[in-house]
Each structure stands twice: as C-alpha cells, then as structure tokens.
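Here the structure comes first, spelled out in structure tokens, and everything after it is commentary.
In this text, all values refer to a predicted model and were calculated from it rather than measured experimentally. Convention: sequence-line order gives letters A, B, ...; per-chain numbering from 1.
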2 protein chains.
Amino acid sequence: MEDWREVSARKKKSNLEKIPNEWRLSADIRAKYSDSANVLDVPKTSGVLSSKEVEITEAYDASGLLERIAAGELSSYDVAVAFCKRAAIAHQLVNCLTEIFFDQALERAKELDEYYEKNKKTIGPLHGLPISLKDSFNIKGVQSTVAYVSFASHPPQESNSVLVDLLLSQGAVVYVKTNIPQTMMTADSDNPLFGRTLNPLNLSLTAGGSTGGEGALIALRGSLMGAGTDIAGSLRIPALCNGIYGFKPTSSRVPFSGKTPPGRLGSPSPIIASIGPEAHSIRDLELFMSTVIRAEPWDMDETCLTVPWRSVTIHGPLRIGLILEDPKRPLHPNMLRTMKTALTRLKSKGHSIIDITTLPTSLWTLSLNTWKFFRLDPQKTPLKHIAASSEPWVPSIAATMQPEFAHFSPDLDALFEMNVERKKVVKEFHDLMREYRLDTIMMPPYQTTAVPHDTYGFPVYTALANYLDWPAGVLPFGKAEMGREREEGFVREGVVYEPEYLPEKVEGMPTGLQFLARPMRDEELLKIMAIVEDDIRD
Amino acid sequence: MEDWREVSARKKKSNLEKIPNEWRLSADIRAKYSDSANVLDVPKTSGVLSSKEVEITEAYDASGLLERIAAGELSSYDVAVAFCKRAAIAHQLVNCLTEIFFDQALERAKELDEYYEKNKKTIGPLHGLPISLKDSFNIKGVQSTVAYVSFASHPPQESNSVLVDLLLSQGAVVYVKTNIPQTMMTADSDNPLFGRTLNPLNLSLTAGGSTGGEGALIALRGSLMGAGTDIAGSLRIPALCNGIYGFKPTSSRVPFSGKTPPGRLGSPSPIIASIGPEAHSIRDLELFMSTVIRAEPWDMDETCLTVPWRSVTIHGPLRIGLILEDPKRPLHPNMLRTMKTALTRLKSKGHSIIDITTLPTSLWTLSLNTWKFFRLDPQKTPLKHIAASSEPWVPSIAATMQPEFAHFSPDLDALFEMNVERKKVVKEFHDLMREYRLDTIMMPPYQTTAVPHDTYGFPVYTALANYLDWPAGVLPFGKAEMGREREEGFVREGVVYEPEYLPEKVEGMPTGLQFLARPMRDEELLKIMAIVEDDIRD
C-alpha cells in the first residue's frame with residue numbers, strides 16, 4: 001500500500017497544477033502574513049485580479065451580480081474568470097479547495113454568453129453565477145474523494161448530483177469543490193488528504209465544518225454562493241466562523257440524491273442531512289432556496305418531497321422565543337454581548353421576546369441524543385474508509401467522542417427508545433411554539449466565535465435544529481471586542497468556559513445569531529431573518 | 001386472571017346494551033338469513049328506520065347529505081338519529097362496532113342545530129356529518145382496546161385523537177368505533193374480544209381488514225364516511241371487499257397523533273401508517289382530504305407535514321401505467337375480467353395504457369420486503385399484549401407468516417440493508433413514472449373479490465403503495481360473474497390460484513380497481529380516479 005502522505009502530496013500537487021501560473025501568489029506575498037493574520041484583503045491587493053475583477057467579486061451579493069449579468073452589463077465569461085481567479089487565490093491562502101475544474105467552468109460560461117447573445121434572455125435565474133460545492137457533491141469527470149485518502153484512487157464521477165444538474169439548468173456555473181473534515185463529522189475542515197482549511201479572518205482559528213472550505217472561500221469572495229450539507233450544524237458553523245450567512249432547510253426539500261456519502265447508506269436515523277446555501281446575504285439564501293424548489297426538484301429526485309415554494313409575507317412585530325444558553329456550554333462574553341445587544345434592539349423595535357431557555361430537556365442532552373443517531377452503523381463504515389489507507393485520525397475527531405458514548409452500543413431496542421424520546425421532544429418544542437405563539441426561536445449558533453484549531457468541540461447549539469428537523473439559519477452580527485466585553489460586564493465570575501475563553505486570540509472575530517422555525521416554514525424563516533436583520537443593524 | 005371468554009362476553013354485552021330496545025332486530029328477522037346471505041337491504045326492511053331515515057341514509061353520499069344539512073333541509077339531529085339507528089342495525093347483522101356512544105353523538109348534533117339556528121350558517125364543511133372511526137382512534141370517555149382482551153381493563157381515554165378534534169372542529173359528529181383484526185395486521189377483522197365482522201354482501205366472506213368494521217358499516221350505510229388507517233392495504237382491502245371507495249394518502253398529511261397503537265411506538269421502519277377515508281364516492285374521499293388538510297393539521301400535530309392542500313385540475317387523456325398481475329398471485333377470472341374491461345374502456349376514451357407489469361422486483365418480493373419492516377420490534381410487543389390475557393390467536397394471522405420470515409431475525413445491519421433496498425426500489429418506480437411520463441399506476445387491489453373468512457392471505461397488491469409511500473385509492477368496478485368469466489375466456493388453464501378460485505362462493509361480489517400516484521400527489525390522484533370512473537362506467 002502506498003504511504004498516505006504520498007497520496008496526499010500527489011492530490012494536492014495535482015490541484016495546484018490546475019491553477020495557471022499567472023494566478024499564483026508570489027512566495028513573498030504569502031510570507032508577509034503571520035500565523036494569525038486576516039487575509040481577507042489579499043485577493044484585492046495581490047495583483048492577480050484586474051480592477052474590474054475586484055469589482056465583480058467585491059461589489060455584489062449573488063442577487064446583485066445576477067442583475068448585472070441579466071442586464072447584459074457583465075458577461076458570464078468575465079464573471080467566471082474573476083471567480084476562478086479569486087478562488088485560486090483563496091485556495092493558496094487558506095487551502096479551501098479539493099477539486100478545481102476551471103476549464104469546464106469557462107467553457108460553460110461561454111455557452112451561457114452565446115445563449116444570451118442569441119436569445120436576448122438568460123437561461124434561468126442563476127444565469128452566469130459561479131456556485132461552489134462541498135466536496136461530497138458529484139460532478140461528472142471530477143473525483144469525489146470526500147477527503148478519504150483511500151478514495152483518492154477512485155475514478156472520476158460519471159454523473160452529476162441531482163442538485164448540480166438542477167443548478168446548471170437554472171444557469172449556474174460550477175468551478176470548484178471545497179474542503180471538509182475527515183468523516184465530515186467534526187467542526188474542523190481538516191483531513192489527511194487535503195490538509196486543513198484556515199480561517200481567512202484569522203489563520204490561527206478554525207474555518208468551521210463540515211462545510212468549512214465553503215465558508216472560507218465565500219468569506220474571501222472566491223464564491224458568492226456555495227452549496228453544502230448540514231446534519232448537526234455543518235452549514236451554520238462555518239457561516240458563524242467566517243462571518244457569512246448559512247441556511248439549513250427542512251430536510252428533503254432540496255434534492256440530496258447522487259452525492260458521495262462519507263458513511264454508510266441506509267441509516268434508519270431520523271436525523272436527515274439537509275442541503276442548503278452559504279452566502280453573503282439573506283436574499284441570496286432565499287434566491288438559492290426559491291430557485292431550487294421552483295425548479296420542481298421532486299421530479300428529478302425521488303427523495304425530495306413535492307412541497308412547492310410558497311410566497312409568504314410576514315408582518316411584524318415578531319414573537320421570538322429565546323434560548324440564551326446551555327449551562328454546560330456557557331456563552332463567552334463575546335457571544336453573550338452579541339445576544340444581549342440584539343435582544344435590546346429587537347425589543348426596542350417592538351418585537352416580543354419570550355424566554356424559553358429553561359427547556360424540558362437541556363440542549364446538551366439533546367445534542368448527545370442527536371449524536372447517538374450518528375453511531376448506529378454496526379460496521380462503523382467511516383472507520384473502514386480510514387483504515388483502508390492507514391491515514392491518521394485528525395485531532396478534532398476526539399472532540400466528538402463524549403464519555404456518554406463509551407458504553408453506547410446501539411441495537412434495535414435502543415433505536416425504538418431513541419425514536420420515542422425524540423418524538424417526545426419534537427412534540428415539546430411544537431407545543432412551546434403553539435403555547436407562546438412563537439414565530440421563531442432565537443439562539444446563539446455557538447457559545448463563542450471561531451476558536452483555535454481543533455478546539456471547537458461538540459456542536460451543542462446547532463444540533464437542536466437537526467434533531468427536530470426544523471429549518472435554521474445563521475446571520476453574522478457583532479464581533480468579539482474584549483474591551484467592551486469587560487467594560488459592559490459580560491465577563492462573568494466563576495463561569496467555566498468550554499472551550500477556554502481566549503479574548504486576545506479571537507479579538508475582532510464575528511459573532512452571529514441563529515433562528516429556527518417549525519418544519520417546512522423555510523419560507524417564513526427567511527422572511528423573519530430579514531426582518532430581524534433590518535431591525536438589529538445600527 | 002379472568003378467562004378471556006368472560007371478558008369478551010362482558011364487552012360485547014355492554015355494547016349491545018348501548019343499543020336501545022326499539023332499535024334491536026327481532027330474532028325472526030335475523031334467523032331469516034343464511035350463512036352466505038346478502039344483508040344490504042335489511043336495514044331498509046327491518047322496520048327500525050322510518051321512511052325519512054331510510055331516505056337520509058340511502059339517498060346521498062356524504063357530500064350530498066351535507067348540502068341538504070347546510071341548506072337547512074335536514075337537521076343534524078335527525079341525521080344523527082338515522083345513522084345511529086342504522087349503525088345499530090348494521091352491528092346486529094355483521095358485528096362491525098367496537099364502541100358505541102350514541103348519547104354523545106345526539107348531544108353534539110343538538111348543539112350543531114342550535115349553532116345553525118343561531119348563526120344561520122354551518123360550523124364547518126362537515127357540519128352534521130356522522131363519521132365513524134376505526135377502533136384505534138381515541139375518543140374522550142371511550143375505551144381504546146384495539147381489540148386486545150388485555151386492554152379491556154384499560155380506563156376510558158382522557159382525550160381525543162388529533163384527527164377527532166379536527167373533524168369535530170369542522171362540524172362532524174362521532175358516534176361509533178369499528179372492528180379490526182387482532183394485532184391489526186391481517187385482512188380479517190376478527191379478534192377474541194369482539195369477534196368477527198362479516199361481509200354484508202355475503203356473510204360467509206371476509207369484510208377485509210384492518211379497517212374492516214368500517215368497510216362493512218359503510219357498505220350497509222350505517223356510515224357514509226369512516227376514518228381508518230393503512231400500512232399494507234388496511235383501508236383499500238375493506239373498500240374492495242365491501243364494494244366501496246378507499247383512499248390511503250401519502251403519509252404524514254393527515255394528523256396521526258393521539259391514537260392507540262396495537263404495537264410498539266418508536267419503530268424505525270420507513271413504512272408509515274397513513275390515515276384516510278372509506279366512503280361512498282370519490283368526491284367524498286376528496287371532501288375528507290381537503291377538509292382535513294385545509295384545517296392546517298400541522299398546527300395541531302407535530303408529526304403532520306406542513307403541506308397545504310392544492311387545488312389541481314387534470315386534463316386528460318391520461319397516461320396510465322399498468323401492473324396487471326404478479327405471477328405468484330395470478331388474477332382470478334373475476335378480477336382479470338374487471339381489469340380487461342376497464343382497460344378496454346379507458347383505451348376507447350383515448351387514454352394511453354403503458355404496460356409496466358414486468359417490474360425490476362416482483363410485487364411478491366416487495367410485499368415480503370414491506371412485511372419485514374413490520375417485524376423489527378425485538379420485544380414483539382403485540383405478542384405480549386396477546387399473552388397478557390391468554391386470548392387465542394385468530395386463524396388469519398397464520399396467513400401473514402410466510403416461510404421467508406422463518407429465519408429473519410432483524411438487527412441494525414439488516415435494517416441498513418433493507419433501507420438501501422427500499423430506496424433503490426423507490427427510485428426505480430420514480431424513474432418508471434418519469435420515463436413513461438405516467439400520471440398514475442393502475443393495478444388490481446387484490447387478485448380477486450372478498451374471499452371466505454381466513455383465506456385472504458398476504459396483501460401482495462396493496463403493500464406496494466405503502467412500501468413506496470405513494471398515495472393509492474380503490475374504487476369499486478365490476479363484479480364476479482362466473483358465467484361471463486367462462487364464456488369470455490378468463491378462466492385460464494393451468495393457473496394455480498391462491499387462494500382457491502371458488503366462483504360459486506363469490507358470485508356477484510364486487511371487484512375493483514386501484515390507482516397510485518407519486519408522493520404528495522394526493523390531490524392529482526383523486527382527480528385522476530374521478531376521470532377514470534367517469535370513463536369506465538357504462
């Protein structure tokens with residue numbers, strides 16, 4: 001068996017070779033940045049992008065860019081070149097890509113321009129938008145290693161994931177796939193095949209996971225919209241860590257078929273991974289969702305529910321249920337300050353805040369319950385994929401190994417009981433929403449900002465939405481400011497923070513807010529998030 | 001422990017005592033009928049019903065009756081009395097009821113009349129309609145034994161099933177619960193607590209199951225609309241056997257919470273029981289579905305999906321995929337004749353028939369696959385409920401014990417594989433529908449008509465829709481006519497029928513047709529069934 005390091009080196013080299021020489025950063029640019037640098041501005045100043053390309057990649061969210069393409073003011077080709085270049089720069093800075101197929105992308109962009117030229121209209125609402133994809137999506141002619149060294153010998157895929165076909169049918173351009181954690185079940189996008197993705201806002205911190213390559217790439221504006229998956233927070237954690245927007249829909253609304261799974265197919269777990277977007281605005285999240293669902297994905301994918309996208313209007317004031325924190329994972333002063341600031345502003349705008357923090361079952365217990373469903377496979381398939389190459393385990397995997405799992409060996413009897421318990425909790429949350437007539441639940445996405453590599457730990461605040469199968473979105477709001485946290489009294493005496501509160505290390509990093517709604521109310525939740533965002537900004 | 005026979009005798013006696021003396025059939029009326037009699041006309045001729053009550057119970061389907069109530073031409077009270085009486089007669093003829101609460105029903109009907117009087121309008125679209133319920137629904141103040149002798153000591157229920165509350169909110173009157181098979185997992189509604197429900201069209205034949213008490217009661221017009229459940233055909237089998245209409249919706253559209261289960265809660269099986277109606281017309285099936293879903297049941301029941309009822313229009317001609325028969329369960333001459341007759345008429349009306357009978361996996365195998373999901377509970381909970389009273393097993397249970405299950409001892413590994421296999425099949429059927437652009441699949445609901453008690457066997461033709469979780473409906477069409485079957489060449493040489501082809505025993509019994517559509521297309525399926533019905537009638 002070939003040594004895993006050689007496999008990894010070859011894969012990384014082959015990726016770098018797909019970046020044209022003129023798009024490469026010079027060694028001296030890269031040397032300029034410390035281990036904890038913020039590299040968000042490097043693409044602009046690198047000299048690789050023309051001023052027009054800087055404008056294309058920096059001046060818009062996806063919706064805004066699409067308007068200019070649709071108006072004929074920008075060509076799909078120029079847009080594709082700009083984002084290919086910028087993604088290449090991003091990759092050299094934070095190691096966020098797993099597969100690069102710029103040639104396919106530029107070819108596709110040319111076809112879109114020809115279509116536009118000939119028909120004087122766009123092919124669909126995503127005409128000319130480069131969309132980046134988590135590595136687990138399949139693209140014809142491109143590998144899907146899902147970051148296992150043992151998958152590096154697999155042939156390229158023979159067909160696209162259903163969602164990829166759908167996005168293409170609506171005019172999208174696909175050009176890169178992005179990095180993920182080993183097994184996709186930790187919050188650090190680190191693996192022996194591709195290495196670690198760094199946080200572009202602070203290279204010493206995690207980019208989050210499992211859709212972490214996306215998070216870093218989008219923050220660097222190497223992409224304006226990326227598709228990922230979320231089974232315990234995998235879209236929302238990177239959104240928080242990188243200061244962007246992330247949305248996990250109700251499961252089975254976005255077509256899931258034709259992806260490469262990191263584990264075993266056929267799990268009886270009721271916790272179902274959901275595909276959703278990471279992006280630069282709430283309207284872009286909505287653009288993704290409405291475009292995908294209006295394309296009637298149930299016709300292409302038998303696992304997708306026939307549930308049409310509804311146009312909804314939400315009239316404030318909102319009734320917001322608040323889950324502030326779990327005692328096992330107290331909010332760090334930065335996130336506490338962000339939550340309190342948002343709450344004050346929301347109240348001042350007339351919204352009602354109903355504190356439901358004291359839950360019948362704690363978030364901590366519910367996140368353990370969630371994780372047990374991920375441990376049902378008696379064959380422990382991910383372990384086999386890892387053992388097949390003798391690749392080492394990445395350090396962050398250990399963080400998900402709670403002592404509670406030590407004696408958990410699931411069988412059918414246990415699964416019946418886990419299901420009964422889950423249904424009880426789903427009913428409790430449903431009843432809470434009805435009893436207090438809540439439009440949404442507001443909670444932190446995590447106890448703090450992005451943290452140093454391998455210390456993120458158990459995703460106590462994001463797993464809830466997966467356990468319930470409720471839609472959930474994260475929006476960036478506030479940042480870590482240790483001076484103010486201290487001055488304003490958010491540093492609490494006697495609180496034991498997990499992970500450690502390291503204010504110097506995370507200074508300036510974005511915090512964020514998380515919102516949940518009842519199942520299938522993806523439409524309402526996005527409108528609620530937009531109202532909230534309007535009302536909390538200064 | 002009290003002998004189960006005594007418990008059963010007491011329960012039956014207590015039911016009979018709820019039937020007023022003047023509604024009882026005289027011994028000489030009952031003695032008039034042979035063991036294979038058709039008793040459909042007995043209610044009319046029994047002398048128990050006034051001529052107005054005969055008109056109320058015989059002249060309408062539910063939609064028609066509701067129109068007269070809404071127009072103020074009939075009072076809810078008179079309607080309730082008529083159906084209570086007729087249900088009482090039906091019970092004395094075919095033993096179809098498990099719980100009787102006429103007093104509650106008449107009280108409720110009076111309140112509805114008072115509301116109507118005062119407000120000059122109905123309370124909702126079901127104002128004044130008596131709706132019968134399968135025994136597994138809970139009614140406040142009424143027992144839910146689900147036909148286990150060991151449950152006969154349980155106290156009355158303290159609250160209604162969610163669906164019951166919903167139906168009441170729309171104006172319905174509830175008055176009886178109806179008989180089911182022991183364990184609810186056979187097609188003979190027979191159990192040691194209540195005894196056997198007979199088929200009112202021929203007392204020597206099965207009324208079907210598990211919603212069999214409903215089927216018999218509705219055929220006798222002791223009810224115009226009943227709610228039951230279906231996990232392998234339990235609504236559709238009694239519809240066929242009793243010559244009425246039955247509809248199994250996509251799961252999780254009709255609220256399921258608050259029922260008494262015959263087995264263990266928390267099953268990880270992806271085969272999910274679905275509540276639906278049995279009735280006297282397709283428009284009544286649609287009335288039930290649209291009324292329930294327009295009431296936004298997801299607000300009352302967290303297990304119910306937020307999927308609004310859509311108003312749809314279907315323009316023919318239809319593209320109909322035909323599954324004619326499974327080689328392991330050849331169609332008897334009666335059902336074969338019915339299918340061929342319908343096909344000829346449909347073609348003559350311009351519909352396209354696409355034969356998909358040769359499936360990638362046979363119906364027989366798929367029904368075994370379905371049944372394996374019902375055998376996941378390591379604690380075999382129904383067996384415990386039976387053992388708790390030492391009640392005997394009913395004979396028809398044996399019919400579901402296929403030799404294929406002898407060595408099937410499920411574990412998590414097996415369940416992963418069963419799920420993978422099921423998803424493969426779901427995709428195959430989805431692809432079939434797309435490839436041939438099919439609006440519906442047409443197939444027989446069973447290989448023949450209702451058959452002698454305890455011989456129905458494995459529900460090979462109905463389990464498919466449950467395995468796929470597709471909506472499916474049965475409509476009555478044709479009947480067994482041995483003379484024509486022979487003359488027209490439908491008696492095939494060398495075919496081994498299972499159960500036995502007994503033309504004399506089933507002469508005149510109704511046959512029927514089954515239609516399936518893709519998931520969540522309940523709306524479309526009902527419209528398709530209406531088009532078909534129009535086009536196949538003479």
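For chain A, the option among K427(B), M433(B), E421(B) with the highest count of heavy-atom pairs below 4.5 Å is K427(B). Of the listed residues (V420(A), T303(A), D431(A)), the one with the most heavy-atom contacts under 4.5 Å to chain B is V420(A).
The CG atom of L305(B) sits 9.5 Å away from atom OG1 of T250(A), with the distance rounded to the nearest 0.5 Å. The distance from atom OG of S257(B) to atom NZ of K423(A), rounded to the nearest 0.5 Å, is 8.0 Å. For the atom pair M300(B) CE and H430(A) NE2, the distance stands at 9.0 Å (nearest 0.5 Å).
Annotation: K372(A), atom NZ; neighbour count of heavy atoms from other residues, nucleotides and ligands within 6.0 Å is above 12. Counting heavy-atom neighbours within 6.0 Å of F151(A) CZ, excluding the residue itself, gives a total above 12.
Using a 4.5 Å cut-off between heavy atoms, R422(A) does not touch chain B at all. Using a 4.5 Å cut-off between heavy atoms, P270(B) makes no contact with chain A at all. If you measure heavy-atom distances from R264(B) to chain A, the contacts under 4.5 Å come from both the backbone and the side chain. Both the backbone and the side chain of D377(A) come within less than 4.5 Å of a heavy atom of chain B.
No side-chain heavy atom of E302(B) sits less than 4.5 Å from a side-chain heavy atom of P519(A). With a 4.5 Å cut-off on side-chain heavy atoms, R310(B) and P308(A) count as touching. Counting heavy atoms from C-beta outward, L412(B) and L415(A) have side chains that approach closer than 4.5 Å.
Residues of residues 288-298 of chain B lying under 4.5 angstrom from chain A, judged on non-hydrogen atoms, are W298(B) by number.
Contact between F416(A) and S267(B) at its shortest, heavy atoms only, is CE2-CA, 3.4 Å. When all heavy atoms of Q379(A) and D413(B) are compared, the pair lying nearest together is NE2-OD1, 3.2 Å. Among all heavy-atom pairs drawn from T306(B) and V307(A), the shortest one is O-CG1, 4.3 Å.
A salt bridge links R518(A) with D299(B): at least one charged nitrogen is closer than 4.0 Å to a carboxylate oxygen.
With sequence neighbours left out, the side chain to side chain contact (heavy atoms under 4.5 Å, CB included) criterion links A517(A) to P471(A), R521(A), L525(A).
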